[in-house]
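Single-structure report; data block below.
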2 protein chains.
Amino acid sequence: MGRLKRQLEFIIEIDKLKHILRQSVLIQDRRNENDAEHSWHLTVMAMVLKEHFVDQDVDLLKAMKMTIIHDLVEIYAGDTFCYDDEGNGDKLEREIESAGKLFSILPEDQEAEFWSLWEEFEERNTKEAKFAACLDRMQPLLLNSRTEGHTWKRPEVNRDKVLERNMILKDNAPALWQEVVEIVDRAVDRGQLRVTN
Amino acid sequence: MGRLKRQLEFIIEIDKLKHILRQSVLIQDRRNENDAEHSWHLTVMAMVLKEHFVDQDVDLLKAMKMTIIHDLVEIYAGDTFCYDDEGNGDKLEREIESAGKLFSILPEDQEAEFWSLWEEFEERNTKEAKFAACLDRMQPLLLNSRTEGHTWKRPEVNRDKVLERNMILKDNAPALWQEVVEIVDRAVDRGQLRVTN
Ligand SMILES: [Ca+2]
């Protein structure tokens with residue numbers, strides 16, 4: 001298959017991301033959010049919140065590439081709820097298999113770029129990956145804060161687990177971390193998030 | 001309201017874009033696509049298809065910022081079907097009002113950036129705006145090509161109108177334009193797009 005045909009085939013295949021549902025619900029009608037919407041939201045957040053990231057040298061283009069593609073591997077692997085310990089056991093394995101299947105539709109140089117961006121995001125060692133991870137934590141937290149703690153009400157979730165989950169913000173985006181703590185404490189006050197299970 | 005509070009308020013407000021439905025339907029389950037999904041899709045396309053744009057100096061970061069935010073103005077103005085002449089009469093006026101309302105939630109410097117990106121996209125004079133426009137034309141065409149010409153079957157649409165709508169690709173992305181013509185001709189052959197009304 002020619003180069004452009006492979007690229008178009010990839011673009012058509014990733015339409016499936018719009019069907020991968022997350023645990024979070026939308027503020028207005030409380031239907032489940034999907035991965036394409038979530039990725040779109042993170043990418044706008046990267047533009048708006050960059051100044052709060054601790055390292056101002058963060059490469060915004062690279063960070064936006066990461067936020068826009070970071071969930072593509074869920075097309076065949078599905079979404080795994082972050083507080084689901086069992087599901088998270090074989091998550092990486094399933095996602096690597098999914099990435100291999102999906103990215104290989106692309107021409108080789110682009111296949112390599114998508115692999116590299118996704119691995120960098122997963123490893124969270126570079127500033128762009130850390131920035132993207134901060135956004136990926138904060139976005140569902142904002143949705144929860146406006147939907148009466150929708151996913152926080154699940155039996156396995158509590159205040160400590162939510163704070164632990166968002167801990168990457170503490171050193172990497174202190175102003176955002178302060179918001180996180182306020183939002184979490186307000187949710188506890190309102191009975192939308194329990195302190196202990 | 002402090003700077004960060006305004007930014008977070010904006011991020012929460014734009015959740016509404018996920019409710020703005022387009023005419024196109026998704027390939028898998030044929031539900032209507034929404035603007036957030038469409039914007040996500042365009043932004044991945046920008047990464048994958050950049051090499052086919054006539055000017056290799058196109059600034060990918062700026063183009064991706066445009067594709068990710070270009071439909072935000074539809075949050076209050078709604079989506080207008082591109083072949084709806086009446087709806088398109090007051091489209092710009094409605095969208096300017098919507099932009100004013102939405103972008104002013106942001107701190108002033110970011111309000112100015114969002115206005116500037118959106119206006120540049122709408123004016124289609126710069127290379128980034130032309131590239132974004134090419135993607136914005138091609139994405140629904142790809143969905144139509146895999147959903148038996150879903151929106152092309154509407155009574156006001158025909159082959160010439162679809163080609164006219166995609167004309168920006170002819171000079172700006174010749175390889176993509178060739179695909180467009182092939183896709184359109186195939187749809188005509190299959191009875192999914194009429195030649196005359
Ligand atoms: Ca539009």
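Keep in mind that this is a model prediction, so the values were computed, not measured. Side chains included, hydrogens not; waters and symmetry mates left out as well; all remaining heavy atoms used.
In terms of non-hydrogen atom pairs under 4.5 Å with chain A, the most contact-rich of Met64(B), Arg3(B), Glu51(B) is Glu51(B). Interface remark: of the candidates Glu113(A), Lys5(A), Lys65(A), Lys65(A) forms the most heavy-atom pairs closer than 4.5 Å to chain B. Contact count versus chain B (heavy atoms, under 4.5 Å) is highest, among Met45(A), His41(A), Glu179(A), for His41(A).
The shortest distance between side-chain heavy atoms of Val44(A) and Leu17(B) does not fall below 4.5 Å. Counting only heavy atoms from C-beta outward, the side chains of Trp40(B) and His38(A) never approach each other to under 4.5 Å. Side-chain atoms of Asp15(B) and Gln28(A), non-hydrogen and from C-beta on, never get closer than 4.5 Å to each other. The closest side-chain heavy-atom distance from Lys18(B) to Arg31(A) is below 4.5 Å. A heavy-atom distance below 4.5 Å is found between the side chains of Leu49(A) and Leu4(B). The side-chain heavy atoms of Met138(A) and Ile11(B), taken from C-beta on, include no pair separated by under 4.5 Å.
Contact residues of residues 139-148 of chain B toward chain A are Gln139(B), Leu142(B), Leu143(B), Arg146(B) (heavy-atom distance under 4.5 Å).
Cluster membership for Leu21(A) and Tyr76(A), using ILVMFWY side-chain heavy atoms within less than 4.5 angstrom, is not shared. By the rule that hydrophobic residues join a cluster once side-chain heavy atoms approach within less than 4.5 Å of another member, Phe121(A) and Phe103(A) end up as members of one cluster. When hydrophobic clusters are built by joining Ile, Leu, Val, Met, Phe, Trp and Tyr residues whose side-chain heavy atoms come closer than 4.5 Å, directly or via intermediates, Leu26(B) is not grouped with Leu26(A). Both Trp177(B) and Val188(B) are assigned to one and the same hydrophobic cluster, defined by single-linkage of ILVMFWY side chains at heavy-atom distances under 4.5 Å. Linking Ile, Leu, Val, Met, Phe, Trp and Tyr whenever their side-chain heavy atoms come within less than 4.5 Å puts Phe10(A) and Met66(A) in one cluster.
Contacts between Glu182(B) and chain A at a heavy-atom distance below 4.5 Å involve the side chain alone, from C-beta outward. Only the side chain of Gln110(B) comes within less than 4.5 Å of a heavy atom of chain A; its backbone N, CA, C and O stay farther away. In this structure, chain A has heavy atoms under 4.5 Å from both the backbone and the side chain of Asp29(B). Neither the backbone nor the side chain of Lys62(B) comes within contact range of chain A; no heavy atoms are under 4.5 Å apart. Only the side chain of Leu117(B) comes within less than 4.5 Å of a heavy atom in chain A; its backbone stays farther off. The part of Ile69(B) that comes within reach of chain A is its side chain, from C-beta onward, which places non-hydrogen atoms under 4.5 angstrom from that chain.
A donor and an acceptor atom, one from each side chain of Glu37(B) and Asn34(A), are located under 3.5 Å apart.
Within 6.0 Å of atom CD in Glu93(B), 12 or fewer heavy atoms from other residues, nucleotides or ligands are found, so the atom counts as exposed in its surroundings. Around atom CD of Glu156(B), more than 12 heavy atoms belonging to other residues, nucleotides or ligands sit under 6.0 Å away. The environment of CD in Gln56(A) is crowded: more than 12 heavy-atom neighbours from other residues, nucleotides or ligands sit within 6.0 Å. Counting heavy-atom neighbours within 6.0 Å of Glu119(B) CD, excluding the residue itself, gives a total above 12. Shown here is Lys170(B), whose NZ atom has no more than 12 heavy atoms of other residues, nucleotides or ligands within 6.0 Å.
Taking CG from Leu61(B) and CE from Met47(A), the interatomic distance works out to 8.0 Å, rounded to the nearest 0.5 Å. Note that CG of Leu8(A) and CD1 of Ile183(B) are 6.5 Å apart. Values are rounded to the nearest 0.5 Å.
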